[in-house]
Student: 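First the structure, then my questions, so here it is.
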Amino acid sequence: MTRTRIAALSLAAAALVSGATWALTTRPAPATFGEGRGTTEVAAQQTLPAGPSPVVPSSVAPPATEKAPAVTEKAPGKAGKHATPAPFVQTFAAQPGVTRQKAKRKPTAPVKVAPTVDGCDRNYGTVAQCIPVRFPEGVTDKCAWLRDHGYQAVKVAAKDRQGLDPDHNGVICDR
Amino acid sequence: MNRSRPLMSRSNRLHIAQFLVLTLVLFLALPDRPASAGANLIANPGLESLAADGFPVCWEQSGWGANGHTFALSTDAHSGARSMSVTLTTAGQGDRKAMMLEDTSCAPNVTPGHQYDLSAWYKTTTANTVMTVFRHDVAQGWVYWTDLATLPVTTTWTKRTVRTPQIPANTDQIVWGVTIYGNGTLKTDDYTMVDATQTVPDESCSAGDKCVKGDWQVMPFQSSVRAIHAVVLRNGNVLLIAGSGNDPAAFAAKTFTTAIYKPGTGQFTAVPTPEDLFCSGHVQLKDGRVLVMGGNKDYPAADGSHGYKGLKNSYIFDPATSAYTRVNDMTAGSWYPSATVLGNGDVISLGGLGEDSHGMVATQYFNSAQQRWLGLNEANQTWNFWGLYPSMILMQDGRLFYTGSHVFGNGTPGSGASIYDYPTSTITPVPGLRKKDERDQSMSVLLPPAQDQKVLTMGGGNIETNPDAHRLTDLIDLKQASPAYTAGPQIPQGTMTGGVAQTGDQGKMYVSAVLLPDGKVFETGGALHNRADPVYEASMYDPATNTFTAGMATDPVPRGYHSSAFLLPDGRVMAVGDNPGNGTFDKRVSVYSPPYLFKGARPQITGLSTPNWAYGSSNTITVDGPILKAELIRPAAVTHSSDPNQRFVDLPMTVNGNSISLNLTSNPNLAPPGWYMLFVVGTNGVPSVAKWVKVG
Ligand SMILES: [Cu+2]
């Protein structure tokens with residue numbers, strides 16, 4: 001049985017190999033014309049009609065020879081495998097119809113930014129602390145909010161703008 | 001009765017033997033069949049059949065631009081009678097390619113999630129070539145998908161094979177071709193496309209919850225400095241910059257600090273810090289050194305006479321010497337400036353506050369070749385005020401996309417997002433960003449892969465008006481002719497102090513978003529109000545499906561104002577900082593292990609042909625098993641939820657067993673020069689530890 005199987009297997013393998021060989025050999029032979037055959041290739045080339053896109057039509061001649069292509073890129077002699085490709089950049093986001101804002105005049109006056117840019121009321125505490133210029137919506141008891149958020153012994157640094165120091169002792173929320 | 005016939009005749013036996021042999025052969029042969037032996041999905045792959053118009057059946061002339069070009073059939077064929085020859089003679093703008101016809105009959109059918117090996121035999125006299133793929137989206141029709149690889153110059157017939165990324169959802173067909181965009185002749189022949197999908201190993205995860213949520217660990221040590229700025233260095237260490245660390249006492253004492261953190265050992269090494277680099281901008285230069293610009297010249301006065309003042313100083317931090325070296329001053333003081341590295345390695349810095357504590361309106365340009373900041377008149381100027389830490393993301397054509405994400409207060413006037421073209425000093429508005437005046441300390445990321453040119457902007461609030469931070473996300477596809485933000489999925493909700501669940505539209509500002517090596521985005525941390533009310537929530541955003549997966553493990557440490565999270569080279573996420581309004585600073589360090597770290601063995605990169613990668617090159621690595629994908633991730637340079645340079649660059653693979661060539665884009669704007677973390681992801685979805693690669 002084993003021998004039969006091996007025999008059958010070899011037979012099948014042989015059939016496969018021959019089949020494959022047959023399949024391979026009946027493939028059309030690669031057209032290997034070799035290099036540097038002058039203008040014959042151009043002659044053999046059938047220039048196709050240009051596509052639907054607006055193009056410079058067939059007035060542009062194909063390269064005369066393979067050896068001397070109409071290529072004037074950097075160091076054609078060294079254009080081996082290490083030739084660096086130019087960046088391939090896509091024309092995305094052209095924004096047709098969108099007006100481009102041109103450069104402004106150089107401003108003569110500063111573009112004002114409030115000293116409270118970080119949302120902290122500098123009338124209170126150290127600069128490390130941040131009593132919000134505006135408390136979150138729904139906060140009715142600012143002192144309770146500050147206590148809940150770990151603020152301790154915050155002094156009035158300038159004006160008591162938010163009325164957090166009703167006893168005027170210079171420390172807010174200490175009643 | 002009758003004597004039965006022999007059970008089997010000789011011919012019966014022979015038939016059965018034949019059948020058995022065939023079955024056996026098939027059984028033996030099939031599992032060993034390499035994926036590349038699959039059916040060729042290309043119609044008329046050898047360009048032999050011609051249609052009535054003389055062009056090969058199922059192929060068309062494609063391309064654009066005013067370039068002199070010729071499509072021709074050449075008898076110089078790899079096999080058969082002809083090949084396709086495309087010649088450009090006056091290349092400038094645009095490109096040409098022979099493309100598979102975008103029709104149901106000719107275009108190869110594909111399955112989402114599958115990968116395909118695309119091959120073509122070619123000769124080219126110019127390296128300005130690229131394999132370009134379009135996909136048929138069941139909703140949008142035919143759209144550009146991606147570029148796979150540059151085909152180097154060769155005078156002999158050469159086969160080039162590149163594996164596609166996984167086919168995106170909603171895609172039923174793809175077409176592709178080889179694009180030529182430089183002067184020269186490109187010949188192609190014998191295209192193949194075969195399904196190269198690899199089986200996903202059936203591995204069970206035994207780590208319980210961690211399999212789906214990941215896991216946070218709070219380190220048993222604290223940061224030695226107030227880690228307000230974090231930069232991952234090319235040696236894998238993390239530069240943590242505090243300057244005065246938002247501590248006016250330290251400022252008064254001129255105690256400025258920086259530390260180098262070594263994730264491997266948990267060590268912190270102090271770095272002498274020349275000035276108050278709190279509030280500076282930072283970005284890695286192409287040699288891996290870190291350009292630090294601006295900072296804090298002064299804190300605001302209590303009497304309101306002045307606000308924060310921007311520093312003009314600029315320094316380069318060198319990981320090799322662990323030291324800052326001063327470069328020339330910027331043209332203006334810069335407190336909260338942006339920093340974006342360009343495709344040529346130069347850096348543009350915009351916005352912030354000047355020395356007068358008002359809006360800084362100059363475009364500040366660092367010339368990489370000259371290693372200096374250009375003078376005001378040497379750089380192109382728009383005199384536009386971009387706000388504070390404006391998120392300026394480099395687009396594939398070199399323009400900058402202002403995402404609308406910024407720090408403090410309202411957005412810029414108008415739509416709140418725009419495209420800035422440095423060479424022409426023009427700005428064009430981009431519509432669609434919702435709540436543009438509540439994008440204070442939101443976070444924007446260029447989604448993986450960078451080739452997709454999609455940006456997601458997440459959350460945000462407004463420290464001035466102090467509403468509840470929201471949970472909106474907006475998504476934009478910068479490949480569109482007229483890009484506009486569209487509504488993305490909402491950020492999942494978490495809990496607040498005391499375990500109180502978020503409700504309604506409550507979301508987060510101070511949010512962190514980290515690109516992970518598996519191509520997802522980890523969203524973590526944040527707070528509801530101006531320096532108050534941390535939100536404990538983390539989720540996983542999948543760019544492929546545009547969805548958040550809620551319920552990731554949450555950082556036990558609050559991560560509000562002055563917090564950051566970023567990817568470590570080992571695939572974990574590190575989080576630092578929290579600076580609530582009461583003036584304290586949380587110096588705890590937490591590290592997140594995403595679910596992929598519990599799902600099986602990590603793939604190993606056992607060899608790297610070179611760490612120096614040129615644009616458009618193919619670089620060989622060896623691995624120890626099947627790989628799903630590979631990519632470069634630019635190391636973080638993050639502060640205030642702003643890291644516009646964060647990007648994930650897909651590396652299409654040419655697979656030859658365990659030897660894989662990784663194809664780097666020819667476009668430096670997709671991967672600006674510098675050091676990157678190279679990751680591979682196994683078929684089990686587990687990423688490797690990064691190897692470091694220098695691009696450009
Ligand atoms: Cu800050």
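Letters go in sequence order (proteins before strands), and every chain restarts at 1.
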Student: Is there a donor in the side chain of B/D303 and an acceptor in the side chain of B/S305, or the other way round, less than 3.5 Å apart?
Tutor: yes
Student: Checking B/H306 against chain A: side chain, backbone, both or neither under 4.5 Å from a heavy atom?
Tutor: backbone
Student: Given that the side chain runs from C-beta out, which part of A/Q90 has a heavy atom under 4.5 Å from chain B: side chain, backbone, both or neither?
Tutor: both
Student: Tell me, side chain or backbone of B/M360 under 4.5 Å from chain A's heavy atoms, or both, or neither?
Tutor: neither
Student: Under 4.5 Å from any heavy atom of chain A, what part of B/D477 do you find: side chain, backbone, both or neither?
Tutor: neither
Student: Less than 4.5 Å apart, any side-chain heavy atom of B/N669 and any of B/M395?
Tutor: no
Student: So what's closer than 4.5 Å to chain A heavy atoms on B/Y144: side chain, backbone, both or neither?
Tutor: side chain
Student: Judged by modelled atom types alone, do B/T584 and B/N582 share a side-chain donor-acceptor pair under 3.5 Å?
Tutor: yes
Student: Using non-hydrogen atoms only, which part of B/T179 is less than 4.5 Å away from chain A: side chain, backbone, both, or neither?
Tutor: side chain
Student: So which of A/A94, A/A157, A/A158, A/G138 has the largest heavy-atom pair count under 4.5 angstrom toward chain B?
Tutor: A/A94
Student: Quick one: what part of B/I419 sits under 4.5 Å from any heavy atom of chain A, side chain, backbone, both or neither?
Tutor: side chain
Student: Given the options A/G119, A/P115, A/P87, which has more heavy-atom pairs under 4.5 Å with chain B than any of the others?
Tutor: A/P87
Student: Chain B heavy atoms under 4.5 Å from A/Y124: which part of the residue, side chain, backbone, both or neither?
Tutor: neither
Student: Checking heavy atoms, do the side chain of B/L528, its backbone, both or neither come under 4.5 Å from chain A?
Tutor: neither
Student: Measure B/T424 against the heavy atoms of chain A and call it side chain, backbone, both or neither at under 4.5 Å.
Tutor: side chain
Student: Output the distance between atom CG (B/N384) and atom OG1 (B/T426), rounded to the nearest 0.5 Å.
Tutor: 11.5 Å
Student: Using 30° and 60° as the class boundaries, would you call the ring planes of B/Y299 and B/Y308 parallel, tilted or perpendicular?
Tutor: tilted
Student: Using heavy-atom distances under 4.5 Å, tell me whether B/T132 contacts chain A through its side chain, its backbone, both, or neither.
Tutor: side chain
Student: Determine whether A/V117 and B/S357 make a side-chain contact, defined as any pair of heavy atoms from C-beta on separated by less than 4.5 Å.
Tutor: no
Student: When you check the side-chain N and O atoms of B/D190 and B/S79, is any donor under 3.5 Å from an acceptor?
Tutor: yes
Student: Under 4.5 Å, counting heavy-atom pairs only, tell me which of A/G97, A/P110, A/A103 racks up the most with chain B.
Tutor: A/A103
Student: Please determine, by modelled atom types, if B/T129 and B/T124 share a side-chain donor-acceptor pair under 3.5 angstrom.
Tutor: no
Student: B/I427 versus chain A, heavy atoms under 4.5 Å apart: side chain, backbone, both or neither?
Tutor: both
Student: Is it the backbone or the side chain of B/D397 that comes under 4.5 Å from a heavy atom of chain A, or both, or neither?
Tutor: both
Student: Measure B/L376 against the heavy atoms of chain A and call it side chain, backbone, both or neither at under 4.5 Å.
Tutor: side chain
Student: Do B/W335 and B/L388 make a side-chain contact, defined as non-hydrogen atoms from C-beta onward lying under 4.5 Å apart?
Tutor: yes
Student: Between B/Q396 and chain A, with a heavy-atom cut-off of 4.5 Å, which part of the residue counts as in contact: side chain, backbone, both or neither?
Tutor: both
Student: Side chain, backbone, both or neither: which part of B/D533 has a non-hydrogen atom closer than 4.5 Å to chain A?
Tutor: both
